[in-house]
Number of protein chains: 2
Amino acid sequence: MSIRIGIMGYGNLGRGVECAVRHNPDMELVAVFTRRDPKTVNILTEGAKILPADQAPAMKDEIDVMILCGGSATDLPVQTPALAEYFNVVDSFDTHARIPEHYKNVDEAAKKSGHIGIISVGWDPGMFSLNRMYAGAILTNGKDYTFWGKGVSQGHSDAIRRIKGVKDGKQYTIPVQEALDAVRRGENPELSTRQKHTRECFVVPEEGADLARIEQEIKTMPNYFDEYDTTVHFITEEELKRDHSGIPHGGFVIRSGKTGWNDENSHVIEYSLKLDSNPEFTSSVIVCYARAAFRMQKEGQTGCRTVFDVAPACLSALSGEELRKHML
Amino acid sequence: MSIRIGIMGYGNLGRGVECAVRHNPDMELVAVFTRRDPKTVNILTEGAKILPADQAPAMKDEIDVMILCGGSATDLPVQTPALAEYFNVVDSFDTHARIPEHYKNVDEAAKKSGHIGIISVGWDPGMFSLNRMYAGAILTNGKDYTFWGKGVSQGHSDAIRRIKGVKDGKQYTIPVQEALDAVRRGENPELSTRQKHTRECFVVPEEGADLARIEQEIKTMPNYFDEYDTTVHFITEEELKRDHSGIPHGGFVIRSGKTGWNDENSHVIEYSLKLDSNPEFTSSVIVCYARAAFRMQKEGQTGCRTVFDVAPACLSALSGEELRKHML
């Protein structure tokens with residue numbers, strides 16, 4: 001029996017989930033839900049339905065896990081608890097400051113309806129969080145570092161595009177190699193924001209725009225760029241399309257710490273990702289947690305979970321016996 | 001209330017566990033058990049007892065988790081199930097082929113007595129297994145690579161020391177940089193044993209020994225060296241002591257895989273360890289799983305577990321709320 005999946009929202013992430021379901025033979029995509037006119041949405045999976053978002057509750061007996069692919073700012077805080085009334089749900093909520101509140105809302109809804117909701121799934125939050133946690137538990141006397149990139153930051157790209165005279169743009173976050181190297185050597189450096197990452201922008205200006213003013217506005221933009229060393233390149237629309245249409249990302253979680261009776265020995269734990277497609281990788285993680293949500297509810301569990309609460313074996317299509325035999 | 005720890009066997013690993021307990025304020029070392037004459041054993045922890053191994057059962061009400069620090073060949077297959085009758089137990093059993101059998105024996109004993117037994121804990125098996133499993137679940141269409149080193153292999157060092165004319169010796173396992181680089185580039189290479197690792201030996205010969213014969217015997221030793229490119233250095237006893245008395249190790253678990261509707265995007269997940277002390281790092285992992293064993297039994301669970309079955313949050317001294325707030 002397949003795990004029957006629904007997708008709420010069909011942007012980059014929704015399409016990524018669709019691809020990930022195809023890579024997991026124990027799952028089947030039943031329907032994609034959208035707030036757009038379903039007639040205007042083309043999906044890839046033969047046989048799956050495209051339905052208006054508000055028809056989701058009517059599909060409650062045909063879908064085991066609903067995967068929420070909306071944004072963290074306004075969609076997920078409302079949708080995840082609301083849909084937990086009808087389905088097991090998984091989302092990639094990533095507004096760190098609001099996680100405790102979101103957890104509480106999903107927990108209440110999921111307990112009431114007898115479902116499992118797993119929130120903040122992906123790679124950060126998600127696999128990076130897990131690695132921070134495992135490494136922190138093992139090396140109690142140590143220090144954590146997270147570096148992001150090289151990759152596209154959607155938030156920073158959006159910020160560039162809001163500047164007057166900018167037609168289009170893309171921003172890459174890049175870890176500083178010297179900082180990475182120092183951390184890997186176990187030196188436990190104190191690093192400022194500027195010492196950890198640089199920012200590189202590729203900007204398509206409107207015709208006749210004041211390039212010097214645009215560059216200045218970018219480099220001094222509070223919160224987004226002012227604390228970083230930023231490089232700005234002006235390019236044509238064709239160059240942007242040709243060289244910068246991908247959504248790569250990645251990063252590094254490193255913890256170095258000491259063991260021994262007098263802390264005489266050093267250790268470095270490093271986890272890194274190099275991703276051609278940020279949304280497709282995020283989706284691949286989410287789909288594993290959809291399997292876990294399905295299994296945990298079948299066992300009689302209910303309520304909200306995060307990656308910290310899910311036993312690793314729950315994610316795998318392999319049985320416990322197979323895992324012990326081939327993976328341990 | 002502290003988690004009360006017992007250590008069975010006081011070699012490098014037992015001493016490492018003692019140091020790790022010191023780094024975890026929610027734990028306390030109650031006793032070390034040894035098959036040697038307790039009067040000849042010196043431990044570091046003030047107030048902890050040193051007792052004969054056969055007196056362990058009598059301490060069943062004073063110890064929450066017994067950590068087994070014996071060898072996988074003959075100690076653990078007997079000790080872990082036997083002590084699961086009296087305690088929650090954690091071991092680092094690493095004979096891969098015998099894991100299913102060991103799991104079954106510990107499971108039966110632990111279920112009967114109402115305890116939790118967690119087996120095969122450390123870094124490989126252990127953290128490396130976890131990373132193979134997580135990465136394999138996420139990138140279903142991909143390929144796994146494990147590299148070990150640079151580090152000391154006790155088994156290979158022992159093999160050298162059994163050769164006639166060898167007084168002492170140490171063997172390092174070293175990953176081949178070109179192989180690592182090809183894997184990291186996502187090339188999914190097919191790699192022979194020889195292409196993945198080299199072996200470097202530091203040998204102290206007895207006076208007048210035939211060095212050419214020793215070198216030849218090492219390089220052609222079946223199973224241990226014959227499938228590798230091996231370098232042999234002859235050094236003095238003083239040099240061995242000065243330059244090679246540590247027990248460093250480490251390695252890399254890398255999975256590269258494809259996502260997208262037509263597998264058009266590549267991803268690389270890498271986990272690596274660089275360890276000054278193999279036994280102290282292994283011990284630091286074991287101690288986290290001792291915390292988990294204690295908690296899982298308190299929740300009413302019984303039986304055998306591996307790292308695959310333990311929810312990450314169980315390992316951490318932080319509460320679920322703290323983890324969500326600071327680590328997610």
For the interface with chain A, which of B:Ile254, B:Val287, B:Ile138, B:Asp94 has the highest count of heavy-atom pairs at distances below 4.5 Å? B:Ile138

Between [X] and chain B, which part of the residue has a heavy atom less than 4.5 Å away: side chain, backbone, both or neither?
{"X": "A:Phe252", "value": "neither"}
{"X": "A:Ile286", "value": "neither"}
{"X": "A:His23", "value": "both"}

Check whether any side-chain N or O of B:Arg324 sits under 3.5 Å from a backbone N or O of A:Ile99 as a donor-acceptor pair, and report yes or no. no

Donor-acceptor under 3.5 Å (A:Lys274 side chain, B:Glu270 main chain): no

Given that the side chain runs from C-beta out, which part of [X] has a heavy atom under 4.5 Å from chain A: side chain, backbone, both or neither?
{"X": "B:Leu318", "value": "neither"}
{"X": "B:Tyr289", "value": "side chain"}
{"X": "B:Tyr134", "value": "side chain"}
{"X": "B:Arg185", "value": "backbone"}
{"X": "B:Glu18", "value": "both"}
{"X": "B:Thr45", "value": "both"}
{"X": "B:Thr306", "value": "side chain"}

From the list B:Asp309, B:Leu130, B:Val307, B:Val310, side-chain contact (heavy atoms from CB on, under 4.5 Å) partner of A:Pro312 resolves to B:Leu130

Could you check whether the rings of B:His267 and A:Phe281 sit parallel, tilted or perpendicular, using 30° and 60° as the cut-offs? tilted

Restricting to non-hydrogen atoms, name the atom on A:Asp124 and the atom on B:Leu328 that form the minimum distance, rounded to 0.1 Å. OD1-O, 4.0 Å

